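The structure under discussion appears below in the form of structure tokens.
The shown structure was predicted, so the numbers you read here are calculated from the model rather than taken from an experiment.
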Amino acid sequence: MFGTFRDRAMGASREVVRRTALARQPRPEGVSGPPLKLLLAELGALAGRGLPREVPHHIAHNPQPVMLLPGFGAHPGRMRRMELALCAAGHEAQDWGMGFNFGPTEENFVFLMRRVGALARHYGEPVALVGWSLGGLFAREIAHRQPDSVSRVITMGTPFSGDRRANNAWRAYQLITGHTVDAPPIECEPSKPPVPTIALWSPRDGVVAPRSACGWPSERDRAVAVRCNHLGFANDPRVIAEVLRQLDMDH
């Protein structure tokens, strides 16, 4: 028993060393995230300072099932304000059903694909996927794997374009997940999903570089600038209004 405990302790120690080394990797030359002043401004967004108080009143022209996918390290509760606003507008909105988002695994992708497929069958129509930051990468990959179950993808501050280190969170991501940002434990298709794909991005984003979240025309169908912080994508009424508008739009 002592030997087993010692082996586990040594294994855990080696894993800590390995993950720490991942977190200390140098950023590639010529790649950078948003400036420090924008990153510091995220603290104000976390406290809710500067956000409009009123969530827009809206009646959906095209009520539909919608699934919300949280960002890295975030709980679905962070997107609760958006979920309630979508439901009030007439959409069938719900979270992704997995709690905190601590990165991709084969198991959680299997779960998500089954969940999206089940929702599409339940409602008799494809599901719109709205993903914040890393949640948007999940949404794009799900749409690649089962496009018949997905009506559209809306990403919010998602780093889908260019170098995955063009943000201020990649070292924390590698420390927590144990893999590099460009070598996830699942195979990912980097091209535009075969469904309408809308990228919401912000020039005020303090975590993800705007160019990475906006992408190039070949990587998405539409790109829309929203003036919010990265953390504000989850609950800023201006973002919620834009998501509602995009859900109403024809493909």
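Both Met98 and Val116 are assigned to one and the same hydrophobic cluster, defined by single-linkage of ILVMFWY side chains at heavy-atom distances under 4.5 Å. Leu68 and Tyr123 fall into different hydrophobic clusters, where Ile, Leu, Val, Met, Phe, Trp and Tyr are joined by side-chain heavy atoms under 4.5 Å apart, directly or via other members.
The aromatic rings of Phe233 and His230 lie perpendicular to each other, with more than 60° between the two planes, well past the 30° mark.
The shortest distance between side-chain heavy atoms of Met82 and Val239 falls below 4.5 Å. Glu106 places none of its side-chain heavy atoms less than 4.5 Å from the side chain of Asn108. In this structure the side chain of Thr158 never reaches within 4.5 angstrom of the side chain of Leu134, judged on heavy atoms.
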* With salt bridge (Lys or Arg N to Asp or Glu O under 4.0 Å) as the test, would you mind laying out the steps for Arg19 and Glu15 before giving the verdict? => CA-CA 6 Å; Arg19 293 189 181 217; Glu15 181 64 11; 2.6 Å; yes
* To do: Check the pair Val243, Met156 against side-chain contact (heavy atoms from CB on, under 4.5 Å), reporting the backbone distance first and the verdict last.
  => CA-CA 9 Å; Val243 169; Met156 305 184 299; 3.9 Å; yes
* Given side-chain contact (heavy atoms from CB on, under 4.5 Å), test Val66 with Glu83 step by step and report yes or no. => CA-CA 9 Å; Val66 182; Glu83 181 182 342; over 6 Å; no
* Worked check of side chain to side chain donor-acceptor pair (under 3.5 Å) between Arg222 and Gln246 -> CA-CA 10 Å; Arg222 291 190 296 277; Gln246 292 297 329; 2.9 Å; yes
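Each salt bridge (Lys or Arg N to Asp or Glu O under 4.0 Å) pair with one or both residues in residues 60-74, not counting sequence neighbours, would appear here, but there are none. Here side chain to side chain donor-acceptor pair (under 3.5 Å) pairs that include residues 162-175, with residues two or more places apart or in two chains, are Gln25-Gln174, Arg165-Asp182, Tyr173-His179. Listed by first and then second residue, the side chain to side chain donor-acceptor pair (under 3.5 Å) pairs that reach into residues 191-202 are Glu189-Ser191, Lys192-Asp221, sequence neighbours excluded.
For the residue pair Asn62 and His91, the shortest heavy atom distance occurs at O-CE1, 3.4 Å. Considering all non-hydrogen atoms of both residues, Ser151 and Pro196 come closest at O-CD, 3.4 Å. Here the closest heavy-atom approach between residue Arg140 and residue Val153 is recorded as CG-CG1, 4.1 Å. Taking every heavy atom of both residues into account, Ala120 and Pro126 meet most closely at CB-CA, 4.3 Å.
Here Trp96 and Phe111 keep their ring centres 6.0 angstrom or further from each other.
With hydrogens and angles left out, the side-chain atoms of Asp248 and His58 include a donor and acceptor closer than 3.5 Å.
Phe109 carries Arg145 over the face of its six-membered ring, with the cationic atom under 6.0 Å from the centre and within 45° of the normal.
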